[in-house]
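Right, one structure below, let's go through it.
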Amino acid sequence: MPTNQIGGGQIGRSIPRLEAREKVTGRAEYTHLMRLPGMLYGKIFRSTVPHGRIKSVDTSAAKKIPGVFRVITADDVRKVIPDPYYGPAFHDQPILAIDKVRFVGEPVAVVLAADPHVADAAVQAITAEYEELAPVYDEVEAMKSSSHVHDELKPAGSFADLKHLKGIKGTNLALQAKTRRGDVDKAFAEAAHVFEHEFRTQKCLHVPFEPFCSIADYKESGLTIYSGAQGPSFVRSEIARLLGWAENKVRIKVPYLGGGYGGKLYIKLEALVTACSMIARRPVKIALTMEEQFYQITKHPATIRIKSGIDKSGRITARKCEVFWNGGAYADIGPRVTHKSGFVAAGPYDIDNVWIDSYAMYTNMTPAGALRGFGMPQLTFAYESHTDMVARSLDIDPVAFRRTNVLRNGRPQATGTILEDAPLEAILDHVAERLRWKEKFDRGSGTVKRGRGIAFALKACVSPTTSVAIINVGADGSPTLYISTVDMGQGSDTGMAQIVGEVLNVPAEAVRVVARDTDITPYDMGTLGSRSLFHMGHAVRLAAEDARSKIEALRREVSEPEGSNTPVSGLFIKKYGMKAGNIVGSGSYKPDYVAPDHDTGASTAITPFWMVAGTGAEVEVDTETGRMRILKLVNAVDCGRLVNPRIVETQISGAALMQLGFTLFEKINLDNGQITNASLADYKIPGIADVPAVMVNEAIDAYQHNAPFGAKGVGESSTMPLSPAIANALDDAVGVRLTELPLTPEAVFRALREKAGQPLEAE
């Protein structure tokens, strides 16, 4: 069967998620609920200063508390792991702080006890003394600051474009990524109009409702880790590297995840519980509280500067972007965010002259990593706000201005990669139609004003990455799928089962998907960046086709005629004389990729597919309070052919509501490096009252020609254009432009007073 030919009728079915019953009945297993025989609980003693040299750590009082099994510091860790630094991009993060602390909340020591309450009490008895150093918090200031978070850059070696940074000293710059196309200076000199703006986004939290949790069970013969990890294959390889072991001595088992959103990628608690278990010679579990999540991983704050040149016809002829990413104290995957999102900073527009500099910066704050969009929501807020500002300044309808400049299929993106299967104009038109853009609009009266805004976005899928799948067809014909893609609520197990069912002509409900276990499930780069349905979907398709071809070979072997309807179980009986045997199919997939030129970012194949999304918003603003209410939200995405329409709809709405929180009120507040709202009582996420009265979530009719059955990922898409759509609607309603997130009532009110010539006093 050709790759995209319809077979078993499983693609396009809105079947319930395979794991739904286990979850709603409370039978689903999560790491947080697990206990092992003889297990100890670890509680973390954390730094109270943002930047300082460790003068002493006094654990004597903690050790005297009855029930304390052990107190562990970096000196203990180095006895079992001599070089205890880890990280996907840079080996810069110690398992426990060594010599220095680099952010408030950094782990300095761990107390182990059989009773978690005893361990928690003992943590309070630990004291530490620091020689405080000058901290740096702002991503732009970090570029020129004489205070350096790290003494030397230590690339992990995983990524070729980082190797040249090895040994560089005296800088907070972890990576500079460049994109160059055309002659920007000449284009600006010839432009009829030039516009320049700066935008800032805030530090936010992932807030998975299952906080970070890992359990390590060390034995001389090997190590087993139970963890809520989005990338078990990477965790295994990184832990094996730390220990100097072969990978087959490290086993990572992943139960269900109670949310991840990018926060549970790569190493989080796994290295720490491993060290603790090696020292204690007993299983060790560390489970963070909700408050402690604020000290684990966050979203990148960013400063984005955009300058555009426009000709007399309203076409964008030049765009220059500077993007400063605040990576916090440790790089995590920040350099990948910097590069993979940076080259799309100019937006979904056809611009002949582009200059982009994207900087990954170290600061003395909680490390930042991937968060549902891999940097694109920050960039889209900037370039789509900027685009509206330009259109309004030129007195051009914002939708018409976008349509004039939209990047169309067959044209090169800024890197030189030709745009394919990216229906940007169709998304723009769809949102405008749903928002009734051309019709008259009630703009409110009195102190309540209404406005509308539109934004759209383009994202490149992360590449190059690899996925492997195995399918075992039993003697009764039932298929079992082995993959390491982690289903954390997005429905990936169900989608993959539907692909198996499509190829093998069986109901998706008959497919069993094995829980992630690196001793059993094959390699997958990680569950991130909406890559799984495309990459692992291809691997699953290939594995199913391999199994099907072997079934057909078996049919020929037992002399079944062509087109026979004998079930698979009958074929096994004919071969073995009984119900016995099995057939194993395997598949692996890695897309074509051409690494970008170091100096220009040019590449003919920068991504295997593009993600496209658009948002339209209608808002109501109370000019006396600054309070904004979202009346209508239209979210439209391109995810190719829909494998499971119902899951797609929930993914679109879930991503949009998450970004709604980041747009309107979510922000981590800091005072001299101390987080002042590290609890869900003070850090507000969207509730039912925040859901817009009207919310339209749709995937347009599209097809991705190089994808499995024409389908591609959708988990991040509607996060990208939502913030600028609301900011644009706010401007349309009351004529104030906010260039910094979140768009709080106070920020709106201050802007209104400023516009009226009655500014409020600064805080």
Side-chain angles (χ1 to χ4, degrees), residues 31 34 36-47 54 56-60 62-63 67-88 90-102 106-114 116 119 122-123 126 128 154 156-157 212-227 229 232 234-253 266-288 296 330 518-519:
T31 313
M34 294 178 62
L36 301 182
M39 188 176 76
L40 299 170
Y41 293 86
K43 293 292 182 177
I44 300 172
F45 172 75
R46 299 177 180 275
S47 164
I54 301 172
S56 65
V57 180
D58 187 350
T59 62
S60 57
K63 292 176 179 177
V68 170
F69 180 86
R70 183 77 183 258
V71 181
I72 294 173
T73 64
D75 289 339
D76 301 305
V77 171
R78 283 189 283 188
K79 291 175 184 176
V80 294
I81 305 177
D83 186 18
Y85 291 88
Y86 63 90
F90 290 79
H91 290 156
D92 57 358
Q93 188 159 2
I95 292 175
L96 288 173
I98 298 173
D99 300 330
K100 281 177 68 173
V101 292
R102 295 178 172 88
E106 179 164 9
V108 175
V110 176
V111 176
L112 302 182
V123 165
I126 299 174
K154 297 190 290 185
F212 296 84
C213 181
S214 295
I215 303 170
D217 187 6
Y218 168 80
K219 294 179 174 60
E220 294 288 348
S221 58
L223 170 72
T224 300
I225 297 175
Y226 305 84
S227 188
F234 177 87
V235 174
R236 179 180 66 166
S237 63
E238 184 73 341
I239 293 294
R241 182 195 64 80
L242 279 167
L243 302 182
W245 285 5
E247 288 188 10
N248 62 8
K249 290 186 67 177
V250 179
R251 183 179 191 180
I252 313 297
K253 301 183 73 173
Y266 310 107
I267 296 287
K268 291 300 179 284
L269 296 175
E270 294 88 357
L272 181 54
V273 292
T274 294
C276 291
S277 183
M278 293 177 75
I279 292 165
R281 299 296 172 120
R282 287 170 63 173
V284 172
K285 177 179 184 177
I286 296 180
L288 300 190
Q296 184 66 59
Y330 298 107
T518 57
D519 270 11

CG on L288 to CD1 on I44, rounded to 0.5 Å: 5.5 Å
Salt bridge (Lys or Arg N to Asp or Glu O under 4.0 Å) against K43, all qualifying residues, sequence neighbours excluded: none
Between S227 and E270: side-chain donor-acceptor atoms closer than 3.5 Å: yes
Selection residues 274-286 - residue pairs positive for salt bridge (charged side-chain N to carboxylate O under 4.0 Å, His left out), sequence neighbours left out: E220-R281
Within residues 77-86 or reaching into it, pairs that qualify as salt bridge (charged side-chain N to carboxylate O under 4.0 Å, His left out) - sequence neighbours excluded: D75-R78
Under 3.5 Å donor-acceptor, T31 side chain and Y226 backbone: no
Partners meeting side chain to side chain contact (heavy atoms under 4.5 Å, CB included) with A109 (sequence neighbours left out): F45, T73, I126
side-chain contact (heavy atoms from CB on, under 4.5 Å) assessment of N248 paired with D519: CA-CA 8 Å; N248 62 8; D519 270 11; over 6 Å; no
Polar side-chain atom of E238 near backbone of G87 as donor-acceptor pair, under 3.5 Å: yes
Working for side-chain contact (heavy atoms from CB on, under 4.5 Å), residues R241 and H91: CA-CA 11 Å; R241 182 195 64 80; H91 290 156; 3.3 Å; yes
Sole candidate of V80, I95, L96 that passes side chain to side chain contact (heavy atoms under 4.5 Å, CB included) when paired with I72: L96
Residues which pass salt bridge (Lys or Arg N to Asp or Glu O under 4.0 Å) with R102, listed by chain and number, not counting sequence neighbours: none
Residue pair A287 / C213: nearest heavy atoms and the distance that separates them: CB-SG, 3.7 Å
Y330 side chain to E106 side chain, donor-acceptor N/O pair below 3.5 angstrom: yes
Main-chain N/O of Y218 paired to S277 side chain as donor or acceptor, under 3.5 Å: yes
Salt bridge (Lys or Arg N to Asp or Glu O under 4.0 Å) partners of K249, counting only residues at least two apart: none
Under-4.0 Å salt bridge between K154 and D92: no
